[in-house]
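What follows is a set of notes on a single structure, which appears directly below.
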Amino acid sequence: MQHTGLPTRPEFRLTQVDPDDREALRAWAVPSRTSFLEAAPTEESLDDRLREVRGHRLTAVHDTVAGEDRVVATLRTFDSELTVPGAGPVDVDAVSTATVLPTHRRRGLLSRMLTADLERARAAGHALAVLIAAEAPIYGRFGFGAATRATSLVVDHARVAFRPDAPAATGSLEFVPAGRTEELAAVHDAARRQRPGGLLRDAAWWEAAGRRGEGRWLGTRGHVVLHRDDDGIPDGYAAYDVTDESVGRVPNGTVHLRDLTATTPSAYRALWEFLASIDLVRVTRAADRPVDELLPHLLLDPRAVQTGPVDDFVWLRVLDVPGALAARRYLGCGTLVLRVEDPLGLAGATVRLHVAAQRCGADGWVCPEVTTTDAEPDVVLPVAELGSLLLGGTSAVALQRAGRIQATPAAAHALATLMATPEQPWCPTWF
């Protein structure tokens, strides 16, 4: 392990853990699993972790406890890609496994690890960092804002009937054997580029998905169905587990949908039609679905789909204000001066965002002009609020009314119009 150049108090050491060092990874994994209420790593789970974190940046904080060197805080980061509106994927710093043992909280350990990584990511040229927040109050103070949201679904199969004007379910379906994930990966990669918030799933992610069993992507009763279009090209899949809660001879099975991805409405309808027709099953339950799920709009009875609470999912941190605003495209037109305030001093800036109709592309998205300026701002906002706005999932009008950004109602409306997207941003990928 190599020591970082970070300043530390004498009683703590910060190190970078070699992801290929099994024993160092074990010491790193114990406190991270403890913080997430998991059991100590088994040899099998350690093997899985070795595969999953290869090439990632693992930070550990050490303390001497009862004469022994122990890891008391952890952080994992890696390079990934996030789809931004109108422009496809951009490079991001993905932050995960940020943990501090309960015995070492409120000593600034998370602040030191995370701030150092954000500084490193900015120096490396990243305009954005992303994470999934285990606890919402923590990450706003580091400049992260909730950028995507998800909900859960319960679908009553007995009430599922598709409208006659719904896209036809053409093509074919087939079960995919365990471990054959190449075509699934290709479908997901195409789909994640279509909607803001989509995150890269690398080879290690799919290799792990192919190892089915307790606690994995799919359990021991899991299945994957692949959809092909009329030309035989894969364009959708559904991964699910089944449970049977039948009493006596009355069927009462449940499909637990783990992942459903489709690149066309036809494939999407075909997959849901298949799920709703599985014998001995009454309902499908699905977590982490988009808040603007298409399925209710395809049904004669949209109440066949009941939605659960809406939760934040991906949190976004802007590291370079001009770079982040220039990375995406816009559907509206207008000019605003934004002053972004950053309590960590990483990305504060005043910029002029100019979106002109004559720069509109064939698909309707407009490429912006973003320049720094000394002009008086139309909108003043914290960097966390810019993170919430950037993918189009949060309304600037709502933030202005809540007192979280400073702007006139007209300026807030203009910013909301610029940032709006046809679909809500969505990410189905845990990291």
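Everything quoted here is computed from the prediction, not taken from an experiment.
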Legend entry - Any Arg149 side-chain heavy atom under 4.5 Å of Gln424 side chain: no
Inset, instruction - Drop me the distance from Leu75's CG to Ser32's OG, to the nearest 0.5 angstrom. - result: 11.0 Å
Inset, instruction - Decide yes or no for Trp315 and Ile132: does some side-chain heavy atom of the first lie under 4.5 Å from some side-chain heavy atom of the second? - result: no
Inset, instruction - For residues Val383 and Leu346, determine if any side-chain heavy atom of one lies less than 4.5 Å from a side-chain heavy atom of the other. - result: no
Legend entry - Check: Pro368 and Leu325 side chains under 4.5 Å, non-hydrogen atoms: no
Inset, instruction - For the pair Arg282 and Glu245, find out whether any cationic side-chain nitrogen is under 4.0 Å from an anionic carboxylate oxygen. - result: no
Inset, instruction - State plainly whether the residues Asp189 and Arg201 are in salt-bridge range, i.e. N to O under 4.0 Å. - result: no
Legend entry - Pair Arg216 + Glu44, salt bridge at N-O below 4.0 Å: yes
Inset, instruction - May I ask you to say whether Glu135 pairs ionically with Arg105, meaning some side-chain N is under 4.0 Å from a carboxylate O? - result: no
Legend entry - Close side-chain approach of Leu381 to Arg404, heavy-atom, < 4.5 Å: no
Inset, instruction - Measure up the His223 and Tyr240 rings against each other and bin them: parallel (under 30°), tilted (30 to 60°), perpendicular (over 60°). - result: tilted
Legend entry - Within-4.5 Å side-chain heavy-atom neighbours: Ile405 and Gln400: yes
Inset, instruction - Please determine if Arg26 and Glu23 form a salt bridge, counting it only when a charged side-chain N lies under 4.0 Å from a carboxylate O. - result: yes
Inset, instruction - Mind checking the CG-SG spacing from Leu391 to Cys427? Nearest 0.5 Å is all I need. - result: 10.0 Å
Legend entry - Intermediate values then yes/no, salt bridge (charged side-chain N to carboxylate O under 4.0 Å, His left out), Arg122 and Glu119: CA-CA 5 Å; Arg122 177 176 166 79; Glu119 291 173 344; over 6 Å; no
Legend entry - Any side-chain heavy-atom pair of Arg120 and Arg57 under 4.5 Å: yes
Legend entry - SB check Asp244 Arg221 (cutoff 4.0 Å): no
Inset, instruction - Check Trp430, Phe431, Trp217 against Trp205 for a ring pair (Phe, Tyr, Trp, His ring centres under 6.0 Å) and give me the one that passes. - result: Trp217
Inset, instruction - Please tell me if the side chains of Glu81 and Asp91 come closer than 4.5 Å, counting only heavy atoms from C-beta onward. - result: yes
Inset, instruction - Name the orientation class of the two ring planes belonging to Phe144 and Tyr139 (parallel below 30°, tilted from 30 to 60°, perpendicular beyond 60°). - result: perpendicular
